[in-house]
Protein chains: 2
Amino acid sequence: MRIDDVDQQIIALLQEDARSSFAEIGAKVSLSAPAVKRRVDRLRAEKVIRGFTAVVDPVAVGWTAEMFVELFCTGRTTPVQIASAARRHAAVVGAYTVSGEADALVHLRAADIAALEQALEKLRAEPFVRSTRSMVVLSRLLPTT
Amino acid sequence: MRIDDVDQQIIALLQEDARSSFAEIGAKVSLSAPAVKRRVDRLRAEKVIRGFTAVVDPVAVGWTAEMFVELFCTGRTTPVQIASAARRHAAVVGAYTVSGEADALVHLRAADIAALEQALEKLRAEPFVRSTRSMVVLSRLLPTT
DNA sequence: CATGAAATTTACTCACT
DNA sequence: AGTGAGTAAATTTCATG
C-alpha cells in the first residue's frame, strides 16, 4: 500500500470535489483519464479512499442539536466495549478513547435538544459508564468538514 | 428552501455514495435522471449540499495524531474571534462553542504528536485564551464519517 | 507494471413538451 | 417532471516503453 506524490494530489483533489471527472483531475496531475481512474480504483481497493460523500448542511436537514460527552468508565472497560456501544446508538457521530481525566469522548448529533437528552440517557445507561460530563454545542465555528 | 421527502432520500443516497449517477439515484427515488439533476442543482444552489468530498483513511495519508482542546477564554471573547483563530490554524478540523465549564472545544489533527503540540502552543498563544484542557485521542472508535 | 490512445458504453445536459 | 438528441465522461481494450 504505497502512496506516491501523484496519489496524494489525486486524493487532495477528490477531497475538494469528489465529483470532478477523471479527465479534470488528470489535467491537474499530468495523467490521462484512464490512468487517474486506475489509481483511484487502487486507492479504493486499498481502503485509502473509503468512499465519497456529500457535505450537507446539518441544520437544513433537521439535525440542529449537537453535543460532546466525556465518558468516565469503570476500571475494566475496554475500547472495544465502548466502540460497540457507540455503534448501537444512532446519535453517535464520533467516538474516541482519550488521555486525560475522561476515558472516552463521544460526539452526538440529533434533531433537537430533547432527542439529544434521550441519546445521552441511553449512553449513561451503559453498564460500563460510571459518570459523564457533557458539553452542548452552542455554535459550530467551522463549516462541516 | 423547502426540502421534501424525495430531496431527503437523494441527500441520503449522495451521502452514501457521492459518485453515483443521477440515473442510479433516479431509479431508487422513482425519478428520471434530469429530474434528479435539477433537484441536486437546486440543493447545491441553496447550500443544503455544500459539496462532495472523498472520505480518506487519515492514517494512510499520514495524519496519525488527533486531539480535542477545551478552551477557557477571557470574559469578552466572542464566537467570531474564536472562529477566525480556528481558521488561521491548519491543524483545526473542527471548532465549537459549548456550554459547560469550557467556552469552546477545538478538534486538532496533525501528522504526529510533535506537530500536534506545536499546534496547541500556537492556539494557546491566542490573546483571548486564558487556559486550555486537552485530550489526546488514543484511538478512533468509529470509521471516519 | 503503469501508461496513453482508441473504441465502446454509459452518463450528463439541454431544449422541448 | 419526462423524452429525445447531442455532448461529455467513464470504462474497456489494446499497444508501448
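In the text below, chain A, chain B and the rest are named by the order of the sequence lines, each starting its count at 1.
In B/Glu117, the CD atom is not crowded: 12 or fewer heavy atoms of neighbouring residues, nucleotides or ligands sit closer than 6.0 Å.
Summarising the hydrophobic clusters (Ile, Leu, Val, Met, Phe, Trp, Tyr; side-chain heavy atoms under 4.5 Å, direct or chained), the residues clustered with A/Val92 are A/Met67, A/Val69, A/Leu71, A/Ile82, A/Val106, A/Leu108, A/Ile113, A/Leu116, A/Leu120, A/Leu123, A/Phe128, A/Val129, A/Val136, B/Leu141, B/Leu142.
Here B/Arg39 lies in heavy-atom contact (under 4.0 Å) with sugar-phosphate atoms only.
Residues B/Val29 and B/Arg39 have side chains not in contact (no heavy-atom distance under 4.5 Å, counting atoms from C-beta outward). By the 4.5 Å heavy-atom criterion applied to side chains, B/Arg133 and B/Phe72 are counted as neighbours. Using a 4.5 Å heavy-atom cutoff, the side chains of B/Val48 and B/Ile3 are in contact. Side-chain contact between B/Asp7 and B/Arg42 is present, with at least one heavy-atom pair separated by less than 4.5 Å.
The side-chain hydrogen bond (donor to acceptor under 3.5 Å, both in side chains) test with B/Thr132 singles out one residue from B/Glu126, B/Glu70, B/Arg124, and that residue is B/Arg124.
Closest approach of A/Arg50 to B/Pro143, counting heavy atoms only: NH1-CB, 4.2 Å. The minimum heavy-atom distance linking A/Phe22 with A/Ala33 is given by the pair CB-O, 3.7 Å. Nearest heavy-atom pair, B/Trp63 versus B/Arg109, reported as atom, atom and distance to 0.1 Å: CZ3-O, 3.4 Å.
For A/Ser21, the side-chain contact (heavy atoms from CB on, under 4.5 Å) test picks out A/Ala23, A/Glu24, with sequence neighbours left out.
Using a 4.0 Å cutoff on non-hydrogen atoms, no part of residues 43-54 of chain B comes near DNA chain C.
Comparing the axis of the opening five pairs of the helix from C/dC1-D/dG17 to C/dT17-D/dA1 with that of the closing five pairs yields an angle of 30°, rounded to 10°.
Extent of DNA chain C lying under 4.0 Å from chain A heavy atoms, first and last nucleotide in 5' to 3' order, is C/dT3 to C/dC12.
Looking at A/Asp57 and A/Arg140, no side-chain N of the basic residue comes within less than 4.0 Å of a carboxylate O on the acidic one, giving no salt bridge.
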Under 4.0 Å protein heavy-atom contact, by nucleotide of nucleotides 3-16 of chain D - B base, S sugar-phosphate only: B-----SSSB----
